[in-house]
Amino acid sequence: MRDQRYDVLFEPVKIGPLTAKNRFYQVPHCNGGGYRDPSAAAAMRGIKAEGGWGVIFTEQCEMHQTSEITPFIELRLWEDKDIPALRKMSEAMKTHGALAGIQLAYSGVNGPNFYTREVPLAPTALPIRTFTNDPVSARALTTKEISDLRRWFVNAAKRSKSAGFDLICLYGAHGFGIFQHFLSRATNQRSDEYGGSLENRSRFVREVVGDIRDAVGDTMGITLRVSLDETIGDLGFSNAEVRDFIEMNRDLPDLWDLAHGTWEDCSGTSRFKEEAAQAELVKGIRELSSKPVVGVGRFTSPDVMVKQIRTGVLDLIGCARPSIADPFLPKKVEEGRIENIRECIGCNICVTGDMTMSISRCTQNPTFMEEWRKGWHPEVMNAKGASSNVLVVGAGPAGLEAAWALARRGYDVAIAEASGELGGRVVRECRLPGLSAWGRVRDYREYQLKQRGNVEIYLESALSADQVLEFGFENVAIATGAKWRRDGVARQHVVAMPIADGAKVYTPDDLMAGDVPSGKVIVFDDDHYYMGGVLAELAASKGADVTIITPSAYVSDWMRNSLDQGFVHARLAELGVEIVLNRGVTEIGAGSVTSNCVYTGRTQVHECDAVVMVASQMPDDMLYRDLLAREADWTDAGIRSVKMFGDAEAPGPIAWATYAGHRYARELDGPDRGDALPFRREVTELSAD
Ligand code: ADP
Ligand code: SF4
């Protein structure tokens with residue numbers, strides 16, 4: 001059973017009229033499914049209930065049609081019709097004694113209302129503030145409309161109660177919720193009783209909390225989510241003002257939920273933010289109120305959690321990403337199995353699912369958002385099929401995940417890896433600046449595999465087709481990964497770009513192997529995810545004079561989806577890296593690079609000593625192709641199946657590889673589904689009229 005030092009994490013905490021069974025608090029988080037995938041989202045929350053969380057929240061729920069954030073897909077509670085889908089979620093949340101919470105969001109100056117076409121309403125008329133600088137404006141709420149808005153909150157609270165929720169979170173954080181818009185002098189420039197002094201700026205939230213308490217407060221707890229600092233200087237709702245506000249309204253909500261800054265600040269990636277990064281901003285706030293305080297900080301270590309409680313910083317441990325990476329985190333602490341916690345790596349791939357309006361994935365937990373769609377449980381595998389053993393070739397994230405999942409199904413697994421260590425690309429990438437936490441992808445799986453009696457690991461075993469045929473495993477899983485291309489093929493160049501003899505061209509694999517060029521180095525980034533930016537940082541930190549050239553308008557463009565693109569740009573600028581945007585590379589000479597403007601085509605020659613080519617990756621599928629060529633020999637060798645997946649099939653982010661490995665393991669020996677859709681989905685019911 002659990003170590004006594006963690007007992008404190010299992011103490012109950014009162015939240016208004018209710019009591020959370022422990023201090024594990026899943027703060028609201030998006031999942032990219034929202035109103036489009038209600039059953040998938042509900043099942044995901046249900047898994048967290050099973051995993052032992054004491055409080056489980058929805059993502060943000062748009063509580064009135066006059067404020068919504070299309071294209072992002074969250075929840076909606078606009079009319080009674082929305083209640084059944086939300087009830088399904090609250091019921092799933094409550095299955096194991098957790099409190100079910102709903103986050104009510106009115107997006108004010110952050111909601112462009114593209115879908116409802118209503119004119120956005122905010123404390124002060126300003127252009128809408130979104131990631132995409134949408135060309136629409138909010139108009140200022142009249143006093144009469146403020147009282148309408150109060151009533152809409154009450155209506156939403158009553159509907160939340162009908163939908164079965166225990167807690168209501170009023171969203172006033174991240175610049176997304178109207179409570180912050182009222183509280184901050186930046187977004188509230190009113191001169192009536194709702195603007196000016198802090199007392200006046202907090203009037204709206206005081207009124208709404210009072211109204212909701214009158215309506216449902218006898219049975220429901222009310223929490224208020226605010227940012228610890230708006231991070232825009234003195235004009236914004238600064239940490240000092242947040243403290244004044246809490247002191248002035250000591251016991252206003254039943255719980256203070258402390259987020260931080262913008263979403264980018266709050267959900268910082270591990271590359272830029274440590275675990276418990278917000279501790280200094282939170283410290284002391286608990287003493288300002290008699291109500292409990294929850295805060296976040298990508299907490300994965302129960303020791304760090306205990307410290308937060310023991311030192312009086314927090315009462316409840318808020319987790320979004322750690323609860324995604326391991327929905328069973330509380331259970332594992334409770335049962336004394338902390339070595340089995342699958343720690344979040346802080347990559348924000350989960351966030352990219354929301355930002356791309358797809359459905360979220362998790363690098364560490366491939367079952368995330370597949371709990372209902374595919375029936376995948378993070379802790380339970382399907383029963384073993386007809387065959388009995390599998391040879392997994394390649395021990396990158398795809399091979400490791402496949403081996404671990406197959407072993408749990410009960411197969412005898414051998415994993416052969418060409419190099420001297422497990423982890424594949426993760427071994428190399430976690431040595432890059434800021435990416436050490438990514439090593440957890442390997443650490444978790446390596447540890448798990450080494451606990452199993454049915455797994456054999458063979459290092460320094462680069463296998464050929466002959467060897468695979470000789471071994472005679474029934475199933476062969478090829479996860480041999482990919483290598484970065486040197487020839488520049490990616491998006492600008494779909495065939496090899498002109499590269500002169502004698503040009504010094506390095507690939508990311510060269511740099512990751514320790515061969516880092518010096519002198520004047522040009523990084524050409526036509527990949528657009530983290531690799532270009534991180535290698536520019538690596539070379540610059542080793543003293544090279546680095547220029548990064550990219551055809552995109554942003555350095556590390558795709559990282560806008562993982563919320564850290566701005567941090568990459570800032571870091572490179574601080575390191576003195578020259579950032580050249582909107583330019584491609586037409587050719588590489590010996591000692592120079594010719595770039596071209598993506599709009600005008602105008603070229604420019606840049607002298608350099610070396611080029612780092614961050615283009616695309618080429619699958620390493622030779623073994624697979626060799627085996628396919630020998631298909632006639634499979635039966636004699638006892639082989640029933642050969643399958644390739646992960647980067648060897650189609651290179652992508654690490655999350656794609658763990659997912660592919662997991663899927664292979666789930667589906668081995670499964671029925672041939674023919675042309676059927678491989679997952680469940682919900683289709684909107686057609687109206688009768
Ligand atoms: P993925 O992300 O798909 O898991 P990686 O590139 O991270 O891919 O890992 C692939 C692993 O496969 C690498 O560690 C590589 O050394 C190993 N590998 C490649 N070819 C062979 C082979 N023929 N035999 C054994 N291991 C191989
Ligand atoms: Fe953590 Fe990455 Fe999973 Fe998100 S996707 S929960 S950041 S491991």
Side-chain angles (χ1 to χ4, degrees), residues 29-32 267-271 273 275 298 300 319-327 329 342-354 360-369 378 391-403 414-430 437-438 440-442 444-445 457-468 476-484 509 512 562-564 617-627 644-661 664:
H29 71 71
C30 59
N31 51 72
S267 295
T269 53
S270 54
R271 185 166 164 198
K273 296 260 158 98
E275 183 172 355
R298 220 176 55 249
T300 58
C319 296
R321 290 169 293 172
S323 77
I324 292 173
D326 196 340
L329 191 154
R342 199 170 39 238
E343 291 183 286
C344 167
I345 70 167
C347 61
N348 278 7
I349 277 291
C350 48
V351 175
T352 71
D354 193 56
S360 289
R361 300 174 180 250
C362 170
T363 302
Q364 280 285 60
N365 173 13
T367 68
F368 181 56
M369 293 309 285
L391 170 65
V392 178
V393 188
L400 288 178
E401 174 63 26
I415 181 159
E417 165 55 45
S419 74
E421 50 188 327
L422 299 178
R425 62 186 284 184
V426 170
V427 175
R428 299 186 290 275
E429 294 182 21
C430 78
W438 294 22
R440 292 170 172 183
V441 172
R442 168 206 54 210
Y444 170 75
R445 290 168 179 80
I457 297 173
Y458 300 95
L459 296 175
E460 280 160 3
S461 305
L463 300 188
S464 62
D466 278 340
Q467 287 169 314
V468 170
V476 181
I478 310 272
T480 43
K483 301 241 161 23
W484 286 91
D509 292 317
M512 287 190 280
S562 53
L563 305 179
D564 50 356
Q617 296 175 74
M618 173 90 92
D620 186 352
D621 58 359
M622 201 174 69
L623 175 61
Y624 182 66
R625 283 187 284 116
D626 287 351
L627 281 167
M644 179 169 69
F645 52 85
D647 288 310
E649 183 186 16
I654 296 169
W656 272 241
T658 50
Y659 177 84
Y664 169 79

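When reading the values below, keep in mind they use all heavy atoms of this one structure, side chains included, and skip hydrogens, waters and symmetry mates. Counting starts at 1 for both ligands and their atoms, following the listed order.
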Query - Min N/O separation Val426 to ligand 1 under 3.5 Å - result: no
Query raised in the report: Under a 4.0 Å heavy-atom limit, does Ser461 contact ligand 1 with its side chain, its backbone, both, or neither?
Result: backbone
Requested in this report: With heavy atoms under 4.0 Å as the rule, classify the contact between Ala479 and ligand 1 as side chain, backbone, both or neither.
Outcome: backbone
Query raised in the report: Tell me, which protein residue and heavy-atom name are nearest atom 7 (O) of ligand 1, and how many Å apart are they?
Result: Arg425 N, 2.7 Å
Query raised in the report: Passes side chain to side chain contact (heavy atoms under 4.5 Å, CB included), Glu649 versus Phe645? Steps please.
Result: CA-CA 5 Å; Glu649 183 186 16; Phe645 52 85; 4.2 Å; yes
Query raised in the report: Please state which protein non-hydrogen atom is closest to atom 12 (O) of ligand 1 and give its distance, to 0.1 Å?
Result: Gly394 CA, 3.1 Å
Requested in this report: Quick one: look up the protein heavy atom nearest atom 8 (O) of ligand 1 and list residue, atom name and how far away it is.
Outcome: Gly481 CA, 3.2 Å
Query raised in the report: Are side-chain heavy atoms of Asp564 and Asn348 found at a separation under 4.5 Å?
Result: no
Query - Donor + acceptor pair across side chains of Ser419, Glu421 (<3.5 Å) - result: no
Report task. For atom 7 (S) of ligand 2, state which one of Ile345, Thr658, Thr352, Asn348 supplies the nearest heavy atom. Result -> Asn348
Query - Any side-chain heavy-atom pair of Thr480 and Tyr624 under 4.5 Å - result: no
Report summary line: Ranking Leu463, Val392, Thr480, Leu391 by closest non-hydrogen atom to atom 19 (C) of ligand 1, top hit is Thr480
Query raised in the report: Is Cys362 close enough that one of its N/O/S atoms sits under 2.8 Å from atom 1 (Fe) of ligand 2?
Result: no
Query raised in the report: Does the side chain of Glu343 come under 3.5 Å of the side chain of Thr300 through a donor N or O and an acceptor N or O?
Result: yes
Query raised in the report: If we only count heavy atoms from C-beta on, is the Met618 to Trp484 side-chain gap below 4.5 Å?
Result: no
Requested in this report: Go through ligand 2 atom by atom and flag the ones less than 4.0 Å from a non-hydrogen atom of Thr363.
Outcome: 3 (Fe), 5 (S)
Report task. Please work out whether any backbone atom (N, CA, C, O) or any side-chain heavy atom from C-beta onward of Ala660 is under 4.0 Å from ligand 1, and answer side chain, backbone, both or neither. Result -> neither
Requested in this report: Please report which non-hydrogen protein atom sits nearest to atom 5 (S) of ligand 2, along with the residue it belongs to and the distance in Å to one decimal place.
Outcome: Cys350 N, 3.2 Å
Query raised in the report: Got the closest protein heavy atom to atom 15 (C) of ligand 1, with its distance?
Result: Glu417 OE2, 3.5 Å
Requested in this report: List the closest protein heavy-atom neighbour of atom 4 (O) of ligand 1: residue, atom name, distance to the nearest 0.1 Å.
Outcome: Ala398 N, 2.8 Å
Query - Where ligand 2 meets Ile324 - atom numbers and elements under 4.0 angstrom, heavy-atom basis - result: 6 (S)
Query raised in the report: Are any of the N or O atoms of Pro397 closer than 3.5 Å to those of ligand 1?
Result: yes
Query raised in the report: Does a side chain donor of either Asn365 or Thr367 reach within less than 3.5 Å of an acceptor in the other side chain?
Result: yes
Query raised in the report: Taking it one step at a time, do Val468 and Leu627 satisfy side chain to side chain contact (heavy atoms under 4.5 Å, CB included)?
Result: CA-CA 8 Å; Val468 170; Leu627 281 167; 4.0 Å; yes
Query raised in the report: Has Cys347 got an N, O or S atom lying less than 2.8 Å from atom 2 (Fe) of ligand 2?
Result: yes
Requested in this report: Could you tell me the residue and atom name of the protein heavy atom closest to atom 3 (O) of ligand 1, and the distance to it rounded to 0.1 Å?
Outcome: Asp647 N, 2.7 Å
**Report entry** Residue pair Asn31 / Ser360, side-chain donor-acceptor N/O under 3.5 Å
**Finding:** no
Query - Atom indices of ligand 2 within 4.0 angstrom of Gly346 heavy atoms, with elements - result: 1 (Fe), 7 (S)
**Report entry** Nearest protein heavy atom with distance in Å, relative to atom 9 (O) of ligand 1
**Finding:** Gly396 CA, 3.3 Å
Requested in this report: From the options Ala418, Ala402, Gly652, select the one whose nearest heavy atom is closest to atom 27 (C) of ligand 1.
Outcome: Ala418
Query - Check: Ser323 and Leu329 side chains under 4.5 Å, non-hydrogen atoms - result: no
**Report entry** Main-chain N/O of Ala395 paired to Glu417 side chain as donor or acceptor, under 3.5 Å
**Finding:** yes
Requested in this report: Check ligand 2 against Ile349 and write out every atom of the ligand that is under 4.0 Å from a heavy-atom position of the residue.
Outcome: 5 (S)
Query raised in the report: On the ring face of Phe368, is Arg361 found with NZ or CZ under 6.0 Å from the centre and within 45° of the axis?
Result: no
Query raised in the report: Are side-chain N/O atoms of Gln364 and Arg321 paired as donor and acceptor at under 3.5 Å?
Result: no
Query raised in the report: Quick one: does Arg342's side chain have a donor or acceptor within less than 3.5 Å of a partner on Pro327's backbone?
Result: no
Query - atom 6 (S) of ligand 2 [closest protein heavy-atom partner, distance rounded to 0.1 Å] - result: Arg321 O, 3.3 Å
